[in-house]
Amino acid sequence: RLHLLSLATASPVVRGNDTDQQALLQCKAKITGDQLNIMESWNSSIHFCQWIGVTCGRKHQRVTNFHNQIPQEIGGLRRLETLDLSNNSISGEIPSNLSACSKLIFVDMTTNQLTGEIPAWLGLLSNLKVLGFFNNSLRGNIPPSLGNLSSLERLGLTYNALSGIIPESFGRLRNLSFFTIFGNAISGTVPVPMFNLSNIRIFDIGANKIEGTLHSDLEINMPHVEFFSVGDNQISGQIPLSISNAPNLDVLEFYDNMLDGNVPSLEKLDKLFRLELGGNHLGHGREGDLNFLCTLVNNTKLGFLSITENNFGGEFPKCISNFSTTLQALSMSWNNILGKIPDEIGNLINLELLDLAQNQLLGPIPFDIGRLWKLNIFYAHSNYLFGTIPHSIGNLTELTELVLYFNNLQGSIPLGLGNCKNLILLDLSHNNLSGPIPPEILGLSSLSILLSLSSNSLTGELPVEVEKLKNLGQLDVSHNRLSGLLPNNLGSCVSLVELYLEGNLFEGPIPPYLSSLRGLEALDASNNNLSGGIPEFLVRFGTLKYLNLSFNNFEGVIPSEGVFKNTSAIFVEGNNKLCGGIPELHLSRCNSKASSKTSIKLKITIIVVISGVTLVFSILLIIWFRKKKEQKPTTTHVENSLLQLSYQSILRAADGFSPQNLVGLGSFGSVYKGILEANGAVIAVK
């Protein structure tokens, strides 16, 4: 790639300055990486003015990439006018010998890896018109000596690590048309004379630490300014009324400061394309705050409007519906705006972003929202919207993000949302939506960030179409009335990081196919009717940091490895049949397999004994009642035999199991013990 290295001499083809030739040859010797062999012609066989990349005179040619550091020998080019070393891999500091190049007019070292400070001697290059150090790693203060460059027209210092203040001397740069220091750490205040640099076209001091107070009566005399940005600083006060005297403004940015008060009329700014006022304290939270918006109605070029995160109040201005169809983005979130979204919002047919979140909007979402064919992002969460989600929203086939949570929306989820095949994020949570989850929604394989339908009144089963969400990172269907088994093909959602199923009526076991969700970091299935054992595969989920299985019907042994070793990460309370686990869970100890088998045998034995004893008692009672009726005092041999059935005989039959040892055997033990005790008068206990 070639870059400018131009020399001024008396003639481009006749005998030149030997000093320049030697300087160029020394530069060549220091340059590495001439991959295009541009410098092959740089030798004494031809005049240096004919070398590739070198121009003697006013016409600028280019020289190859400078890798590593700029050679000090470049200072030998005493009549150098243009030096363009932009977009290279140059490191190190700006060479001091460059100060000898007093004829320099154009210096551009944009997009390199320069370090150190901006040298003060640059202020001695009185012919400089362009000085660019964009996108380097320069630090320290901006030297006040640059204010001596009376011919300077363009000064670009964006994206460095500069600190200090804007020198007062910059107010003398009357020819300055381009000034940008965006993305540094510059503090202090803006010298007031800079607001009267009448040739300024680009003025960008954004993303610094600049302070100070703007007053509404501050005179800004920049009749030619096209780009004016003081955004992302620490400036307080009001937006000056005089800003409206800049009829050529294309971009006006005051965002992320501490400005308050009213926004002045912007009626004269008929070329304005971008207006960013977000992140301030503008407005008073009452009617009339948004009047300035209606002064933009006649603007035929407005494309981007943001007033988000302020204190604007009053009704949603209907005049917005009359904005130019060139409007691409409208952001009004985080204010105190009242009223309805006007039906005529559908007139803004080129709108790509509509953000109305965190206001006090009422009423339904207009049906004409479906006319915004190009809409990519629609945020209207945290309002008081009610009614149904219009089925016309299915016309928004370019939609990528739809967020409507925390409203009072009712009815079913429109099936037409299945037409929005570019959706990557859908959040309808915290509404009053009912009915089943449409399979068409779960069939949107484009969903990759979030699908949240939580905290509604949705019913039915989780559709098997969930298997198509292979790219989804977070699925949240919690706090509904969903029921049935968890589908096996939920395990197809292999990109899931967070899965929330809590607060439903799901039943049955956790499907073994969920073992494929190895990237899960959070799983909440609490407050359902799930049963069975806790799957062993959860132990192998190395990224799992939160697991909540509480208040279900799980049973059996809880593992002690993996996530189950961390008591702050797992929650299993409310599952009374769980046992084991780490001691900190305070669960009961599990019986061994041997004792489990013994317990089963014992229960079978007791059932047999109880059945036998019950039969004997029944026969005894029958005989006794019959004999009583016959009033025969003598007892038969059979009766004597039966009555000789001793307590010890029963104990031997029960393998030495006494009534006192029947605790813990449930209903079997209770029945057996009751029979023994209640019929003690009948049995001849020995």
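The aromatic rings of His391 and Phe367 lie perpendicular to each other, with more than 60° between the two planes, well past the 30° mark.
Distance alone, capped at 3.5 Å, places no donor-acceptor pair between the Asn350 side chain and the Leu327 backbone. No side-chain donor-acceptor contact under 3.5 Å links Thr388 to the backbone of Gly411. Here the side chain of Asp476 pairs no donor or acceptor atom with the backbone of Ser452 at under 3.5 angstrom. Asn527 places no side-chain N or O within 3.5 Å of a backbone atom of Asn552 that could act as its donor or acceptor partner. At distances below 3.5 Å, not a single donor-acceptor pair connects side-chain atoms of Asn359 with backbone N or O atoms of Ala380. Looking only at distances, a side-chain donor or acceptor of Asn504 sits under 3.5 Å from a matching main-chain atom of Asn480. Between the Ser516 side chain and the Gly491 main chain, a donor and an acceptor come within less than 3.5 Å of each other. With hydrogens and angles ignored, the 3.5 Å screen pairs no side-chain donor or acceptor of Asn311 with any backbone N or O of Leu282. The closest donor-acceptor contact from the side chain of Asn419 to the backbone of Thr397 lies at 3.5 Å or more, if one exists at all. Formation of a donor-acceptor pair under 3.5 Å by the Ser457 side chain with backbone atoms of Asn432 is not found in this model.
Side-chain contact check for Glu401 and Tyr379: at least one donor-acceptor pair (N or O, by modelled atom type) lies under 3.5 Å. Side chains of Arg371 and Asn395: no donor on one and acceptor on the other come within 3.5 Å. Looking only at atom types and distance, the side chain of Glu502 has no donor-acceptor partner in the side chain of Tyr500 under 3.5 Å away. Between the side chains of Ser455 and Ser429, no donor-acceptor pair of N or O atoms lies under 3.5 Å. A donor atom on one side chain and an acceptor atom on the other are found under 3.5 Å apart for Ser382 and Gln358. Asp524 and Tyr546 are linked by a side-chain donor-acceptor pair at a separation below 3.5 angstrom, with hydrogens and angles left out of the test.
Here the straight-line distance linking atom CG of Asn548 with atom OG of Ser526 works out to 4.0 Å at 0.5 Å rounding. Interatomic distance, Asn408 CG to Phe386 CZ, rounded to the nearest 0.5 Å: 8.5 Å. We find the CG-CG distance between Leu499 and Leu517 to be 7.0 Å, quoted to the nearest 0.5 Å. How far CD of Glu461 is from OG of Ser483: 6.0 Å, rounded to the nearest 0.5 Å. Here the straight-line distance linking atom CG of Leu353 with atom CG of Asn376 works out to 8.0 Å at 0.5 Å rounding. Atom CG in Leu482 sits 9.5 Å away from atom OG in Ser478 (nearest 0.5 Å).
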Could you go through the side-chain contact (heavy atoms from CB on, under 4.5 Å) check for Leu444 and Lys421 one step at a time?
CA-CA 6 Å; Leu444 290 171; Lys421 299 189 182 300; 4.3 Å; yes
Do Leu458 and Val477 pass the side-chain contact (heavy atoms from CB on, under 4.5 Å) test, and can you show the C-alpha distance, the side-chain angles, and the key distance before you say yes or no?
CA-CA 9 Å; Leu458 300 173; Val477 294; over 6 Å; no
Kindly indicate, with the supporting measurements, whether the criterion side-chain contact (heavy atoms from CB on, under 4.5 Å) is fulfilled by Ile441 and Leu415.
CA-CA 7 Å; Ile441 304 300; Leu415 303 182; over 6 Å; no
I'd like to know whether Val466 forms a side-chain contact (heavy atoms from CB on, under 4.5 Å) with Cys493, so could you lay out the CA-CA distance, the side-chain angles of the two residues, the decisive distance to 0.1 Å, and finally the verdict.
CA-CA 8 Å; Val466 72; Cys493 305; 4.0 Å; yes
The test is side chain to side chain donor-acceptor pair (under 3.5 Å); show your working for Ser333 and Asp355 and say whether it passes.
CA-CA 6 Å; Ser333 60; Asp355 184 2; 3.1 Å; yes
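Exactly one of Ile337, Leu305, Leu354 qualifies for a side-chain contact (heavy atoms from CB on, under 4.5 Å) with Met332. That residue is Ile337.
For the residue pair Pro342 and Ser321, the shortest heavy atom distance occurs at CG-OG, 3.6 Å. In this structure, Asn407 and Tyr384 approach most closely via the heavy-atom pair OD1-N, 3.4 Å. The two residues Phe554 and Asn575 come nearest to each other via the heavy atoms N-OD1, 3.0 Å. Annotation for Leu442 and Pro463: closest pair CD1-CD, 3.4 Å, computed over non-hydrogen atoms. Closest approach of Asn310 to Thr308, counting heavy atoms only: ND2-O, 3.2 Å. Of all non-hydrogen atoms in Ile389 and Leu404, the two that sit nearest each other are CD1-CD1, 4.2 Å.
Under the 4.5 Å side-chain criterion, counting only non-hydrogen atoms from C-beta, Leu447 is not in contact with Leu425. Side-chain contact between Asn576 and Asn553 is absent, with no heavy-atom pair separated by less than 4.5 Å. Proximity of Leu486 to Leu501: side-chain heavy atoms (C-beta onward) are separated by under 4.5 Å at one or more points. Ile510 places a side-chain heavy atom less than 4.5 Å from the side chain of Leu549. Leu361 places a side-chain heavy atom less than 4.5 Å from the side chain of Phe316. Looking only at side-chain heavy atoms (C-beta outward), Asp232 and Tyr255 come within less than 4.5 Å of each other. Between Ile534 and Pro559, some side-chain heavy-atom pair lies under the 4.5 Å cut-off. Within the 4.5 Å cutoff, no side-chain heavy atoms of Ile345 are placed close to those of Asp368.
Counting heavy atoms of neighbouring residues, nucleotides and ligands inside a 6.0 Å radius, atom CZ of Phe537 exceeds 12 of them. Residue Lys577 qualifies as open at atom NZ: its count of foreign heavy atoms under 6.0 Å is 12 or below.
A salt bridge is absent between Lys318 and Glu344; no separation between the charged side-chain nitrogens and carboxylate oxygens falls under 4.0 Å.
The distance between the ring centers of His430 and Phe406 falls below 6.0 angstrom.
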